[in-house]
Amino acid sequence: GAGLRVLGALPFEAGQVRVVRFSRAGDRLLVAGGRGAASGRVELWNVGDGRRIASWPAGRDEVLAADVSPVGHRIAAGGPDKILRVLNTADGREVWRTEKHTGWVLAARYSPSGALLASGDRSGGVLVWESDNGREFLDLQGHKGPITAIAWRADGNVLATASEDGTIRLWRTEDGASLRTIKAHGPGVTALAFTRDGALLSAG
């Protein structure tokens, strides 16, 4: 539109870009990707001056899902190796990992408080973890296709998951109870987000 202009370009030299996500504060940009069956990488960039803050390896395959915690101290990353990794942004050290996913990790999202981390895979599995230690909190079963997106309502009490099976499922965070299944997009749901007032937006 009128007035839009390119402010800059950030070089990602590690391969294909798969994830681009702003931090909750909007001051940092997470970029992740890599080279298939070779290497994965996550990078943090300063939005204000376009400076790369850090760059870390994240497994031996490209990163397909990544998120930065609300306070910015951790990054979660996963991909075709079925491993979900959590890295410390201070030094890139791996804090914990899990190999419980049975398919490629395709989605990862921290809860608004940062206490929980949800991840979804190509087998339709959705798992919720205690973000500090990787202890399993919920195992949400019901989707019949790959998980394409995960979104938390602003209060953190409801988790929404989207899938190539064409449905969106709403879950109660407290106990994992299934609240609703929405037949959203027949060929598959590709994107999902909550607005600040709790409305749900989807694309497919």
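The analysis underlying the following values was restricted to heavy atoms, covering all of them including side chains, and did not include hydrogens, waters or symmetry mates.
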Testing the 3.5 Å rule here: is there a donor-acceptor pair between the side chains of Thr161 and Trp171?
yes

I need the minimum non-hydrogen distance between Pro70 and Ser113, along with the two atoms involved.
CG-C, 4.1 Å

Under the side chain to side chain contact (heavy atoms under 4.5 Å, CB included) test, residues paired with Ala203 that sit two or more places apart:
Thr190, Ala191

May I ask whether Val42 and Val95 are part of the same hydrophobic cluster, defined by side-chain heavy atoms of I, L, V, M, F, W, Y residues being less than 4.5 angstrom apart, directly or through others?
no

Do Phe22 and Val19 belong together in a cluster built from hydrophobic side chains that touch within less than 4.5 Å?
no

For Leu138, enumerate each residue passing the side chain to side chain contact (heavy atoms under 4.5 Å, CB included) test, keeping only those at least two apart in sequence or located in another chain.
Val128, Leu140

Verify, without hydrogens or angle tests, whether Arg169 (side chain) and Gly142 (backbone) share a donor-acceptor contact under 3.5 angstrom.
yes

Identify the two heavy atoms, one from Leu87 and one from Pro57, that lie closest to each other, and give their separation to 0.1 Å.
CD1-O, 4.1 Å

Inspect the surroundings of CZ in Arg97 and state if more than 12 heavy atoms from other residues, nucleotides or ligands are less than 6.0 Å away.
yes

So do the side chains of Val105 and Ile83 get within less than 4.5 Å of each other, counting heavy atoms only?
no

So Leu29 and Val20, do their side chains get closer than 4.5 Å, heavy atoms only?
yes

Heavy-atom nearest pair, Leu64 first then Trp104, reads CD1-CE3, 3.7 Å

Side chains of Thr195 and Leu201: closer than 4.5 Å at any heavy-atom pair?
yes

Any side-chain heavy-atom pair of Val68 and Arg74 under 4.5 Å:
no

So does Ala37 get a backbone contact from the side chain of Asp61, meaning a donor-acceptor N/O pair under 3.5 Å?
yes

Give me the one residue out of Lys183, His185, His143, Lys144 that meets side-chain hydrogen bond (donor to acceptor under 3.5 Å, both in side chains) with Asp165.
His143

How many angstroms lie between atom CZ of Arg51 and atom CG of Leu44, to the nearest 0.5 angstrom?
10.5 Å

To the nearest 0.5 Å, tell me how far Asp139 CG sits from Leu127 CG.
5.0 Å

Would you give the length of the straight line joining atom CD of Glu130 to atom CD of Glu136, rounded to the nearest 0.5 angstrom?
10.0 Å

With the threshold set at 4.0 Å, does a side-chain nitrogen-carboxylate oxygen contact exist between Asp197 and Arg153?
no

Please check: side-chain N/O of Arg35 versus main-chain N/O of Ala14, any donor-acceptor pairing under 3.5 Å?
yes

For the residue pair Val158 and Trp152, establish whether any side-chain heavy-atom pair is separated by less than 4.5 Å.
no

Any chain of hydrophobic side-chain contacts (each under 4.5 Å) joining Ile53 to Leu30?
yes

Salt bridge (charged side-chain N to carboxylate O under 4.0 Å, His left out) between Glu43 and Arg52, intermediate numbers included
CA-CA 7 Å; Glu43 296 185 347; Arg52 181 165 52 196; 3.2 Å; yes

Please name the pair of heavy atoms, one in Glu62 and one in Gln16, separated by the smallest distance, quoted to 0.1 Å.
OE1-CB, 4.4 Å

Provide the closest heavy-atom pair for Asn157 versus Asp155 in the form atom of the first, atom of the second, distance.
N-OD1, 2.9 Å

Minimum side-chain heavy-atom gap Leu84-Asp121 below 4.5 Å
no

Is the backbone N or O of Lys100 less than 3.5 Å from a side-chain atom of Thr98, with the two atoms forming a donor-acceptor pair by type?
yes

Could you give the distance from CZ (Arg93) to CH2 (Trp56), rounded to the nearest 0.5 Å?
12.0 Å

Any donor-acceptor N/O pair, Ser131 side chain to Leu117 backbone, under 3.5 Å
no

Could you tell me whether the side chain of Ile182 reaches within less than 4.5 Å of the side chain of Thr167, counting heavy atoms only?
no

I need the Ser119 OG to Ile150 CD1 distance, nearest 0.5 Å.
6.0 Å

Shortest non-hydrogen separation from Ala160 to Ile168 and the atoms involved
CB-CG2, 4.5 Å

Gly72 backbone acceptor or donor facing Thr89 side chain under 3.5 Å:
yes

If you define the side chain from C-beta out and look only at heavy atoms, does anything of Val86 sit under 4.5 Å from Trp129?
no

Working note: Arg41 + Ser55, criterion side chain to side chain contact (heavy atoms under 4.5 Å, CB included); need CA distance, chi angles, decisive distance, verdict.
CA-CA 7 Å; Arg41 185 160 288 271; Ser55 178; 2.8 Å; yes

Without swapping roles, check the side chain of Asp67 against the backbone of Tyr110 for a donor-acceptor pair under 3.5 Å.
yes

In Å and rounded to the nearest 0.5 Å, what is the CZ to CG distance from Phe194 to Leu200?
5.0 Å

